[in-house]
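Beneath this line is the structure, given in structure tokens, with notes to follow.
Atoms within each ligand, like the ligands themselves, are counted from 1 in listed order. These figures come from a predicted structure and were not determined experimentally.
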Amino acid sequence: MMCAAQLKAMAIGIACILAAICVCEGSSLVEPPMTQAPPTLSPAHVRSRLRTNFRASPVSATTTPPRCEYKELMTNLHDRVGILATLDEDQRHRLEVIDKKLDQLVDSNAARMESLKAQQLNFQQRLDSFEHIQRLSRSTLDELKGETDLTLGPRRVRELKQKLSNRRKMKDISRSVRSAPQQYAPLPNSSAGNIDISLTDRLDALATLLTSTALSVRTVQEDVFKLTQAINRQRRLSHRRVPPNLIGQPGAAAFPAYPRLSPATSCLQYYLSVQGILKLQLTPESESFYVACDGDWTVILNRSSDEINFERGWLDYKDGFGNLAGDFFIGLNKLHALTSAAIHELRIVFEDFDGHVAYAGYSTFAIGSERELYPLSLLGRFQSDLSPSAGDSLSYHAGAKFSTIDSDNDNCLDCSCAQRYKGAGWFNNCGTSNILGQYHQQNYAKAGESGIFWDTFQGKDYSLRRVRMMIRPIGEEEARR
Ligand SMILES: *[C@@H]1O[C@H](CO)[C@@H](O)[C@H](O)[C@H]1NC(C)=O
Ligand SMILES: *[C@@H]1O[C@H](CO)[C@@H](O)[C@H](O)[C@H]1NC(C)=O
């Protein structure tokens with residue numbers, strides 16, 4: 001394009017030159033003979049002719065004086081060609097700019113289309129996942145309904161009707177969500193910005209719907225869970241276990257087959273235990289473990305001999321040790337899991353070497369996580385009405401972190417309480433009791449602070465014969481008392 005334009009400009013220049021030559025040679029406007037100026041002259045020809053004319057001019061000047069000035073004309077022509085070239089350059093530049101702008105426009109349009117497409121895809125995905133969640137919730141509800149039908153029987157199911165109406169509401173929600181896309185379909189002449197806004201609004205609305213649906217599903221689940229628990233409690237009260245002599249007899253078949261109960265979460269379900277040992281599973285996801293039950297109490301510590309050494313490191317206290325049928329400590333991990341799954345009360349039973357038994361009870365009890373160093377994070381009111389009372393020698397330890405011989409968290413600047421007391425515990429610059437101390441078969445009355453002592457029962461120097469520490473979940477009313 002540039003070449004053509006330049007050639008054109010040159011051709012114009014040449015035409016001008018030729019015109020000038022014609023005027024000068026003929027001394028008039030009469031055209032020269034065709035042989036002298038063929039119409040298809042090349043620029044080289046023109047240049048050579050111009051040169052000959054210049055040389056010839058002084059010769060002809062002798063006869064006729066020159067009627068035009070070649071030099072002036074040439075300058076003029078040169079200027080014009082220059083202007084034309086500049087103009088051409090200008091046009092070219094403008095065309096380039098326009099070209100560039102067009103490119104940019106195409107690019108930005110493509111990008112916008114891309115982003116719109118991406119948004120639509122994203123929206124579609126969210127819609128899909130929402131519908132997936134809906135399906136899940138619906139199947140969960142169906143499952144729950146089946147479970148409750150089985151557990152509660154037709155009469156109780158009627159009471160659940162109201163809960164299940166939530167399900168109908170959810171269906172309504174899902175229907176309105178599914179119809180949403182048409183309702184919000186972008187108008188044909190709306191700009192990209194408007195589409196953006198309406199998409200965002202729709203996504204926000206969907207997010208809100210999702211949250212509220214999840215919440216209502218959770219509520220229904222909780223209600224059903226509570227009802228199931230209540231039913232289980234009632235059943236426990238109304239049905240005694242089958243007497244051994246009835247098993248295998250014809251009458252035994254008359255006992256109704258109960259639906260499978262959910263795994264035990266505490267010794268409150270001791271009727272499921274075997275010789276005092278019960279398998280607990282606190283949540284469907286958590287690992288199950290065995291505990292020793294004393295009635296509906298879960299035993300967390302049992303000491304009655306020197307068979308098991310309690311002067312141990314952090315890992316042993318974390319996981320627990322000993323024999324569940326004899327002396328043992330349950331382990332801080334399980335203790336934390338148990339006491340963080342439900343509010344528990346604590347009871348400790350002591351016995352000295354003369355057979356005197358005494359009790360210490362606390363209305364609430366919980367310990368923190370390993371990250372917090374298993375602190376005695378909750379220790380409620382001391383139950384002074386238990387009789388005979390061993391007195392309160394634990395409140396001093398409330399809030400203290402757990403210490404072992406290899407992990408010193410005891411607030412004592414220049415000592416290790418666990419090493420001094422030859423055991424472990426929630427020491428607070430040591431303390432008023434040492435239930436995890438050394439077992440003393442002899443000289444128990446003068447064992448000193450390393451023995452199993454409870455200051456308010458027989459004093460700091462007396463090492464006790466038996467200690468049993470137990471916890472039990474309490475109801476909400478009991479917790480409020
Ligand atoms: C399209 O947009 C114009 C203004 O931009 C508005 O007046 C017109 O009603 C719109 N058309 C439709 C179908 O919404
Ligand atoms: C505690 O240990 C004693 C002695 O070994 C045993 O008889 C008793 O059953 C144990 N108690 C519990 C609740 O495990």
Side-chain angles (χ1 to χ4, degrees), residues 236 241 244 263-282 288-312 316-339 341-342 344-362 365-367 383 386-390 393-394 422-425 433-444 447 451-454 457-458 462-474:
R236 202 165 62 236
R241 292 175 73 182
T265 56
S266 81
C267 285
L268 288 182
Q269 286 134 297
Y270 63 88
Y271 55 91
L272 295 170
S273 68
V274 177
Q275 292 181 20
I277 303 297
L278 177 64
K279 185 177 178 177
L280 295 190
Q281 182 152 18
L282 298 182
S288 60
F289 57 91
Y290 290 104
V291 293
C293 294
D294 183 352
D296 51 6
W297 292 89
T298 301
V299 182
I300 61 173
L301 173 76
N302 192 34
R303 304 201 64 178
S304 57
S305 73
D306 59 359
E307 269 172 40
I308 304 290
N309 175 25
F310 274 66
E311 201 175 354
R312 290 165 180 257
D316 280 350
Y317 272 97
K318 174 184 170 176
D319 294 333
F321 53 86
N323 172 13
L324 275 187
D327 284 13
F328 70 91
F329 175 65
I330 190 172
L332 295 162
N333 252 358
K334 288 171 204 151
L335 200 49
H336 168 62
L338 281 164
T339 58
H344 284 72
E345 61 178 316
L346 171 69
R347 181 158 307 175
I348 313 173
V349 186
F350 304 96
E351 188 185 326
D352 67 14
F353 281 91
D354 293 323
H356 297 123
V357 173
Y359 302 93
Y362 296 86
F365 169 77
I367 71 160
Q383 292 162 339
L386 286 178
S387 170
S389 177
S393 292
L394 193 59
K422 293 188 188 300
S433 57
N434 189 29
I435 42 183
L436 298 167
Q438 232 175 10
Y439 194 91
H440 288 259
Q441 202 88 52
Q442 273 112 33
N443 293 325
Y444 44 81
I452 304 170
F453 74 84
W454 187 264
F457 179 59
Q458 306 296 2
Y462 191 101
S463 187
L464 298 163
R465 185 190 195 177
R466 284 203 178 110
V467 176
R468 198 164 70 243
M469 213 172 165
M470 315 177 289
I471 58 172
R472 180 171 69 176
I474 50 175

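- Of all atoms in ligand 2, listed by their number and element, those nearer than 4.0 Å to a heavy atom of Val299 are 13 (C).
- Protein heavy atoms come within 4.0 Å of atom 11 (N) of ligand 2.
- Near Asn302, the atoms of ligand 2 lying under 4.0 angstrom from a non-hydrogen atom of the residue are 1 (C), 2 (O), 3 (C), 8 (C), 10 (C), 11 (N), 12 (C), 14 (O).
- Counted within 6.0 Å of CD on Gln441, heavy atoms from surrounding residues, nucleotides or ligands total more than 12; the atom is thus considered enclosed.
- With hydrogens and angles ignored, the 3.5 Å screen pairs a side-chain donor or acceptor of Asp352 with a backbone N or O of Gly355.
- Using bins of under 30°, 30° to 60° and over 60° for the plane-to-plane angle, the ring pair Tyr444/Phe353 lands in the parallel bin.
- Of the listed options Gly295, Gly326, Ala325, Ala325 places a heavy atom closest to atom 9 (O) of ligand 2.
- In this structure, Phe310 has its ring center closer than 6.0 angstrom to the ring center of Phe321.
- Below 4.0 Å from some heavy atom of Leu324 lie the following atoms of ligand 2, by number and element: 14 (O).
- Enclosure of atom CG in Asn443 is not indicated, since only 12 or fewer non-hydrogen atoms of other residues, nucleotides or ligands lie within 6.0 angstrom.
- When hydrogens are left out, the protein atom nearest atom 4 (C) of ligand 2 is Ser304 OG, 3.0 Å; that is the closest non-hydrogen contact.
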